[in-house]
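A note on names: the letters A, B, ... follow the listed sequences, proteins ahead of strands, and every chain is numbered from 1.
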Amino acid sequence: MKTITAAMAGTVLNIMVSTGDEVAEGQEVMMIESMKMEIPVEGAMSGKVGEVKVNIGDFVNEGDVLIVIE
Amino acid sequence: MQRILIANRGEIALRIIRTCRAMGIETIAVFSDADKDLPYVKEADTAFRIGEPPVQKSYLNSSMLIEIAKREKADAIHPGYGFLSENAGFAREVIENGLIFIGPSPKTIEAMGDKIIARKTMEKAGVPVVPGSGGGVSSLEEAVLLAGEIGYPVMLKASGGGGGIGMVRCENEQALNSQYQSTKARAKAYFGSEDVFIEKYIADARHIEVQIFGDSEGNAVHLFERDCSIQRRHQKVVEEAPSPSLSAEARENLYRTALSAAKAVDYVNAGTVEFIVDSEENFYFLEMNTRLQVEHPVTEVITGLDLVEWQILVAQGDKLPLTQEEITRKGAAVEFRLYAEDPVSFFPSPGTLSEFRWEADDVVRIDTGYREGNAVTPFYDPMIAKIIVSGDDRNEAIASARQFFQGLKIEGLKSNAPVFRELLHEEAFLSGKYSTSYLNSVKKAAK
């Protein structure tokens with residue numbers, strides 16, 4: 001099991017994938033807002049989305065798991 | 001005026017408190033849960049919690065701000081910059097509640113806040129504007145047609161945008177095709193209006209602005225220019241005065257034009273007219289900021305004036321303290337915006353300032369909202385401090401900047417201090433021959 005984690009603290013602005021989706025390495029899977037800036041979260045590896053751990057509007061800390069890749 | 005509520009946070013709240021104190025005016029601060037430990041909360045005469053960290057629940061909560069101002073018997077509200085400072089609805093609400101809004105009239109804020117109206121107003125006043133669509137473009141077909149006439153690259157901009165947000169450069173028709181819908185959607189999400197317009201992209205441009213001030217008796221003066229060409233993501237990083245590149249003739253032209261712009265809207269209080277200047281010194285109106293600018297200290301240092309004091313005096317109906325002839329400048333000043341961000345990717349880096357100290361002599365002015373031990377949270381803008389250096393000339397100012405950044409100790413988060421340490425030894429910066437694409441090109445070269 002692999003995970004995609006938050007590179008910095010911020011608020012989840014948008015989630016582009018849902019459970020079961022195939023994602024490619026480098027694909028934008030989420031948008032996080034931190035310090036008035038939109039930061040795209042990219043998949044570090046390809047695979048199938050096992051679980052999306054956060055919802056739009058959630059506050060996340062650096063290192064929090066956002067998505068579990070199967 | 002006896003009591004002012006400051007509808008802002010961090011360094012600008014502290015900055016306003018400093019002047020109020022000197023003028024014998026009491027201050028009321030407001031803070032979100034994220035900011036309760038920041039110095040400005042303690043420095044103000046009184047401080048009130050306004051809500052949870054997100055700006056919609058705190059610093060943008062206009063009815064709460066006005067309620068506190070009235071309850072605490074404030075005479076006026078100072079909006080600082082950002083947040084509600086350029087919100088005409090808020091200014092109107094403040095006035096309707098019998099309070100003074102420290103800034104221009106709601107009508108002026110509204111006209112200049114809409115980039116399309118601002119453009120038209122300035123064109124009518126004889127102020128040159130960037131070749132472009134004039135009004136909003138209503139369809140992709142129209143945008144493509146216009147861009148073809150103007151010539152690529154073009155900038156696609158949100159009418160309600162500002163501060164570098166809501167604009168995108170399109171190299172060709174294909175880029176315009178792919179960016180059109182998303183820019184409209186973003187404009188709608190961020191600024192509440194999906195109106196967009198097109199302007200010619202000016203290559204190797206410099207971004208030079210003129211500080212203006214007007215009073216309610218119809219007087220208007222300029223306080224010289226600031227060169228803000230060192231940017232990243234269309235946001236300013238270094239600002240300086242005087243501009244190191246402008247000829248004397250172009251300089252006078254800019255001042256004259258800025259004053260025409262001010263008079264075209266009967267401008268009252270502090271404002272800034274931003275211009276884009278090309279390599280031939282042709283200049284075009286970019287936008288007018290109807291508030292105190294982040295970089296106002298640069299102007300204060302070269303003129304010896306207190307712009308917040310002027311704002312308060314003018315807001316209470318006083319005449320401008322000085323005439324144009326009485327305003328003089330001396331030496332050079334450069335401001336560096338220290339951001340909590342990765343120096344290479346420019347991505348934000350919130351964190352706690354486990355170490356934040358420096359050695360500085362009296363030619364360095366530091367405006368910061370944080371002290372060692374404070375957290376720089378992800379909820380607000382990443383600016384940690386403004387470092388303003390000065391000297392009899394630009395070289396002297398740069399020398400003290402080098403010394404400052406050498407002695408600066410900042411730990412606990414990533415900052416752009418390394419960018420400045422490099423910049424201060426680079427030929428393009430030292431010679432003053434840089435344009436708005438400078439930081440990005442340096443970054444590309446480093447890769």
Side-chain angles (χ1 to χ4, degrees), chain A, chain B residues 9-10 32-34 52-60 81-83 161-168 182-183 185-187 189-191 232-235 294 337-342 344-352 369-370 375-384 412-416:
Chain A
M1 195 182 75
K2 292 165 279 187
T3 58
I4 298 173
T5 57
M8 70 209 60
T11 307
V12 177
L13 212 58
N14 200 4
I15 301 170
M16 287 84 122
V17 294
S18 41
T19 308
D21 286 0
E22 287 291 340
V23 294
E25 188 183 328
Q27 183 185 336
E28 279 186 19
V29 292
M30 206 173 278
M31 194 67 88
I32 288 186
E33 187 192 319
S34 181
M35 296 180 144
K36 306 281 98 198
M37 185 183 164
E38 290 175 12
I39 320 287
V41 179
E42 293 175 1
M45 71 292 286
S46 53
K48 197 168 143 188
V49 175
E51 193 186 353
V52 179
K53 294 280 217 181
V54 292
N55 296 306
I56 290 175
D58 281 0
F59 181 78
V60 295
N61 276 305
E62 185 178 342
D64 282 1
V65 174
L66 306 172
I67 288 173
V68 178
I69 301 281
E70 283 176 348
Chain B
R9 61 181 294 280
S32 75
D33 293 334
E52 291 170 40
V55 291
Q56 294 80 2
K57 293 178 178 172
S58 52
Y59 300 101
L60 295 183
Y81 52 71
F83 296 130
I165 299 165
M167 58 165 116
V168 56
S182 61
T183 304
R186 250 162 219 251
Y190 274 94
F191 312 113
R232 54 108 180 84
R233 289 196 313 260
H234 305 297
Q235 286 180 337
V294 174
R337 296 194 195 184
L338 186 65
Y339 286 118
E341 66 182 19
D342 185 293
V344 178
S345 69
F346 302 143
F347 274 4
S349 175
T352 296
Y370 301 95
V376 183
T377 64
F379 303 105
Y380 316 108
D381 145 324
M383 196 172 75
I384 303 168
L413 43 68
K414 288 182 209 159
S415 86
N416 61 344

A/Met35 and B/Pro350, any side-chain heavy atoms less than 4.5 Å apart: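 When only atoms from C-beta onward are counted, A/Met35 and B/Pro350 do touch, with a gap below 4.5 Å.
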Do A/Ser34 and B/Phe347 touch side chain to side chain, with heavy atoms closer than 4.5 Å?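 Side-chain contact under 4.5 Å: no.
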Got more than 12 heavy atoms from elsewhere within 6.0 Å of CZ, B/Arg186?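 No, not enclosed.
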Relative to chain A, which segment of B/Val376 carries a heavy atom at a distance below 4.5 Å: side chain, backbone, both, or neither?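 Interface part for B/Val376: both.
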Need one label for B/Tyr380: side chain, backbone, both or neither, based on atoms under 4.5 Å from any heavy atom in chain A.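 The answer is the backbone of B/Tyr380.
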Need one label for A/Glu38: side chain, backbone, both or neither, based on atoms under 4.5 Å from any heavy atom in chain B.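 Side chain of A/Glu38 only, per the 4.5 Å heavy-atom cut-off to chain B.
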I need the B/Glu341 CD to A/Met8 CE distance, nearest 0.5 Å.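 With rounding to 0.5 Å, CD (B/Glu341) is 11.0 Å from CE (A/Met8).
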From CD (A/Glu62) to CG (B/Leu413), nearest 0.5 Å: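 Going from the CD atom of A/Glu62 to the CG atom of B/Leu413 covers 10.5 Å.
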